[in-house]
Enquirer: 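Mind looking over this structure? Questions follow.
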Amino acid sequence: MKELKTMVDEETFILLIDLCERMRAERYASQVYDLITDSSTLLSLRTGNSLLSMFVRFRDLGNAWYVFGKMSERDLFSWNVLIGGYCKGGCFDECLGLYDRMLWAGVRPDVYTFPSVLRTCGRVKDLGRGLRLFREMIESFFVPDLMTMTSVISACEFTGDERLGKTVHGYAAKHVFRKDVSIDNALIQMYSRFGAWEEAERVFSTIRTKDVVSWTAMISGYEKNGLPEKAIEVYKNMKMENVALDEITIASVISACASLGLLDMGVELHKYAKRTGLLSYVIVTNALIDLYSKCKLIDKALEVFQRIPDKNVISWSSIILGLHINNRSVQAIYFFRKMKVRLIPNSITLISVLSACGKIGALMTGKEIHAYALRTGLGFDGFVPNALLDMYVKCGKMKTAWKQFNSIEKDIASWNTMLTGYAQRGNGPGAIDLFNKMVKSDVKPDPVTFISLLCACGRSGMVENGLEYFRIMAENYYIVPNLKHYACVVDLLGRSGKLEEAHAFIISMPIQPDQAIWGALLNACRIYRNVELGELAARNLINMNESESLRYYTLLCNFYAEIGKWDEVARLKILMTEKGVTVDPGCSWVEVKGKIHAFLTGDQTHPQEKEINAVLDGFYSKIGFDVFKNNIDASKADILCGHSERLAIGFGLINTAPGMPIRVTKNLYMCQNCHNMVKFISKVVRREIAVRDTECFHLFKDGLCSCGDAGYKLRILS
DNA sequence: TTAGGGTTAG
């Protein structure tokens, strides 16, 4: 190495650095750097500047900073490159700090300095400082150039100062740089962020020669405003105009495909990226992870993920979220742990993993992440406080949830999350109480609030209250009921046995009922064995858009099983196989000593299988073998249960100390048999057993359940 | 001779 050092001159080093940059050969960057220097020598201005720009391009700000410190002298270029690097890399404090140091060192900024600093002022929401800088710039006889104006617009965009943004727009329009496309591009971005997508559209349409940035800004602008169809349309127009895609465009288009579930188009873009080399950009692979996850091809997403050489925090967050939404929450948590030893998670990562914890009731893990969030300062960042709240609510820890609720800055989502806790427990009075507190605190309820409220009323048989809130919602809060609200009312009436009223309500709806509405009626008819209305609901369900109806086929099966129409059940089952409708296998999770254990229905591979079954058999014999083991009538409503919670509870009993509570989470409904059995177990072992299923939170204690057997009562009667 | 715009995850 030393020999090589003496052989090669500065010119060659600079060529080498240039080569690394051009080839995006990040791996060799440090090696070239090692070649040039040892710890005692200082870098020349030229070599230093070249190295600086290389590291900045590779987003390696640590090494860039190191090079900056090792330079024998620095010029304006050196400062500008590093300031720009910090701005682009999201290190805003460092960027502004470096700018101050530059002034302190007596170096005057130029037109290259201002854009980065202005942009940064916007990102840290310090528009005052940005505008002071802008004024100083003009007073120092700098003529603001295009990028400077663009940056002022960007600053307005981030600080949310729409009025000033428009003024700058007007100013720019009157001046010569109006003709340049970059101003228009910044405007598209600004208007999109303000939700004024029509304004953005207008600016876009006036650009005569749109460049790749204009197209991308418009595509992502639509996507940001929840209009992915329009984003795709713009992309198609872009292709017709033969504008070449780059990595940012393709990532934005893939993102739009993910929103719309356009798998085929996404796959085409994947192939295109492979052909053109764009796949080597992490932004593109990240977008693909999201696409495959949302299209339920999680293994494909994992494949893309594994192949990324330099996974960043977005790659990890995307795969964690992907695993979670594809019912692989345990694996999502595992990936989070793996990530933590390599990279620092951000608030979005935490939100994703907390959501996974909530889904499977991993309370200990959730608490651990809570502690981690507080340690790293992310505990009060963005949506993290609400994500923590949601986790506690989903894990059934209402007391801890209240503690969290009282310690955070509350928004409407925080209140709604607490309300879902009461809805989940079928605690109507609790929900109403909370709603009143909410109103007293001057928080305006939104459509989501009423969904939880109606749901809580429905599950505690408070029909009159529910109907009253449905009325209040429109009359006092001017909220137009949507399909979900209507479904809640149908459910509310149906559950209390008012089937005719529920039907009449559907008929009177001002909008076309959807599958969920007929599904709610069908479910009520199943419970009350109302054949006539049930078949009517079933017919309506089947006659609707098939891809949406398929989700209700298990419910249909259950209904026909319940009323003894076995030929219908058989017909539906064949249909389900033909259409490829899969039923999620029953799965229950139990957390023991911070480790999550999953049990699938009929799982016979568990190392403690024998012990678990021995414990369960003990209960079966105590309570009457016939009723609780043989009476698992797979043809009845119980087919939706799977009974996996029994295995989880058995495992919990064996592996925890006597008297300790056991908490189980389940992905399907709990059947009446299991419900009775767990009541019995709680009495015998004198332990609290909590089971959260998809419908309700059950806390079993001394042979009783907190749900008061709601939802099971009728079956006991019949 | 090197520099500044559009950026994927909730």
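These numbers come from the heavy atoms of this one structure, side chains and all, not from hydrogens, waters or symmetry mates. In what follows, every chain begins at residue 1, and chains take the letters A, B, ... in the order their sequences are listed.
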Enquirer: Within this structure, what is the CG-to-P distance between A:L291 and B:dA9, rounded to whole angstrom?
Expert: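 Rounding to the nearest Å, CG of A:L291 and P of B:dA9 are 11 Å apart.
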Enquirer: Is there a side-chain contact between A:K88 and the phosphate of B:dA3, meaning an N or O under 4.0 Å from OP1 or OP2?
Expert: no
Enquirer: Can you pull out every ring-ring contact (aromatic ring centres under 6.0 Å, His included) where at least one residue sits in residues 210-255 of chain A? Sequence neighbours excluded, please.
Expert: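 Output for this query lists A:F204-A:W215.
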Enquirer: Please report, rounded to the nearest Å, how far the C1' atom of B:dA9 is from the CZ atom of A:F383.
Expert: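 Value for this atom pair: 13 Å.
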Enquirer: Starting at CE of A:M71 and ending at P of B:dT2, how long is that distance when rounded to a whole Å?
Expert: 16 Å
Enquirer: Can you identify which nucleotide, out of B:dG6, B:dG5, B:dT8, has its nearest atom closest to the A:D246 side chain?
Expert: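 Looking only at side-chain atoms, A:D246 lies closest to B:dG6.
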Enquirer: Indicate yes or no: does A:E136 engage A:R132 in a salt bridge with an N to O separation below 4.0 Å.
Expert: no
Enquirer: Of the options B:dT7, B:dT1, B:dG4, whose atoms approach the side-chain atoms of A:Y112 most closely?
Expert: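 Selected nucleotide: B:dG4.
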Enquirer: Please pick, from B:dT7, B:dG10, B:dT8, the nucleotide with the shortest atom-to-atom distance to any side-chain atom of A:S347.
Expert: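 Of the options given, the side chain of A:S347 lies nearest B:dG10.
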Enquirer: Let's see if you can work this out: which of B:dG5, B:dT8, B:dG6 has an atom nearest to the side-chain heavy atoms of A:I248?
Expert: B:dG6
Enquirer: Quick test of your reading of the model: are A:E201 and A:K230 salt-bridged, counting only N-O distances below 4.0 Å?
Expert: yes
Enquirer: Hey, does the side chain of A:K224 come within less than 4.0 Å of B:dT7's phosphate (OP1/OP2), counting only N and O?
Expert: yes
Enquirer: Thinking salt bridges, do A:K271 and A:E268 make one under a 4.0 Å N-O criterion?
Expert: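 Yes, this pair counts.
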Enquirer: Indicate yes or no: at least one non-hydrogen side-chain atom of A:V353 is less than 4.5 angstrom from one of A:T365.
Expert: no
Enquirer: Looking only at the side chain of A:F77 (C-beta and beyond, no hydrogens), which of the listed nucleotides B:dA9, B:dG4, B:dA3 gets closest?
Expert: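 Selected nucleotide: B:dA3.
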Enquirer: What pairs with A:Y191 under ring pair (Phe, Tyr, Trp, His ring centres under 6.0 Å), at least two apart in sequence or on another chain?
Expert: A:H169
Enquirer: Calculate the interatomic distance between A:W79 atom CH2 and B:dA3 atom P; express it in whole Å.
Expert: 20 Å
Enquirer: Once pairs are restricted to Watson-Crick or G-U wobble with both distances under 3.5 Å, how does DNA chain B read as a dot-bracket string, [ ] for crossings and | for other-strand pairs?
Expert: ..........
Enquirer: With heavy atoms under 4.0 Å as the rule, sort A:S255 into base, sugar-phosphate or nothing.
Expert: sugar-phosphate
Enquirer: Would a line drawn from the ring center of A:F305 to the ring center of A:W316 be shorter than 6.0 Å?
Expert: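 Ring-ring flag for A:F305/A:W316: true, centres closer than 6.0 Å.
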Enquirer: Looking at every strand, decide which applies to A:S220 at a 4.0 Å heavy-atom threshold: base, sugar-phosphate, or nothing.
Expert: sugar-phosphate
Enquirer: Please determine whether any donor N or O and acceptor N or O are separated by less than 3.5 Å between the side chain of A:N80 and the base of B:dG4.
Expert: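 Answer is no: no donor-acceptor pair is held.
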Enquirer: Using a cut-off of strictly less than 4.0 Å, decide whether A:S252 has a side-chain nitrogen or oxygen near OP1 or OP2 of B:dG6.
Expert: no
Enquirer: Nearest to the side chain of A:T216, heavy atoms from C-beta on, is which of B:dT2, B:dG6, B:dA9?
Expert: B:dG6
Enquirer: Please give, in whole Å, the distance from B:dG6 P to A:R119 CZ?
Expert: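 Taking CZ of A:R119 and P of B:dG6, I get 5 Å after rounding.
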Enquirer: What about A:R46, does its side chain sit under 3.5 Å from the base of B:dT2 through a donor-acceptor pair?
Expert: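 When only heavy-atom distances are counted, A:R46 does not reach the base of B:dT2 through any donor-acceptor pair under 3.5 Å.
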Enquirer: Send over the distance from A:I153 CD1 to B:dG4 P, rounded to a whole Å.
Expert: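 Going from CD1 in A:I153 over to P in B:dG4 covers 19 Å.
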Enquirer: Any salt bridge between A:E199 and A:R202, counting N to O under 4.0 Å?
Expert: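 A salt bridge is present here (some side-chain N lies under 4.0 Å from a carboxylate O).
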Enquirer: Please confirm whether any donor atom in the side chain of A:T249 sits under 3.5 Å from an acceptor in the base of B:dG6, or the reverse.
Expert: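 Donor-acceptor pair under 3.5 Å: yes.
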Enquirer: Do A:E94 and A:R101 meet the salt-bridge criterion of a basic N to acidic O distance under 4.0 Å?
Expert: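 So A:R101 does not pair with A:E94 through a salt bridge.
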Enquirer: Looking at every strand, decide which applies to A:V56 at a 4.0 Å heavy-atom threshold: base, sugar-phosphate, or nothing.
Expert: nothing
Enquirer: Is there a side-chain contact between A:R57 and the phosphate of B:dT2, meaning an N or O under 4.0 Å from OP1 or OP2?
Expert: no
Enquirer: Could you tell me the separation between the CG atom of A:D290 and the P atom of B:dT8, rounded to a whole number of Å?
Expert: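 Roughly 10 Å, once rounded to whole Å.
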Enquirer: Of the options B:dG10, B:dA3, B:dG6, whose atoms approach the side-chain atoms of A:I351 most closely?
Expert: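 Selected nucleotide: B:dG10.
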Enquirer: Could you state the atom-to-atom distance from CG of A:L118 to P of B:dA3 in whole Å?
Expert: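 One finds 20 Å between P of B:dA3 and CG of A:L118, rounded.
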Enquirer: With a cut-off of less than 4.0 Å, is there a side-chain N or O of A:K294 near OP1 or OP2 of B:dG10?
Expert: yes
Enquirer: For the base of B:dG5, is there a side-chain donor-acceptor partner from A:D211 under 3.5 Å away?
Expert: yes
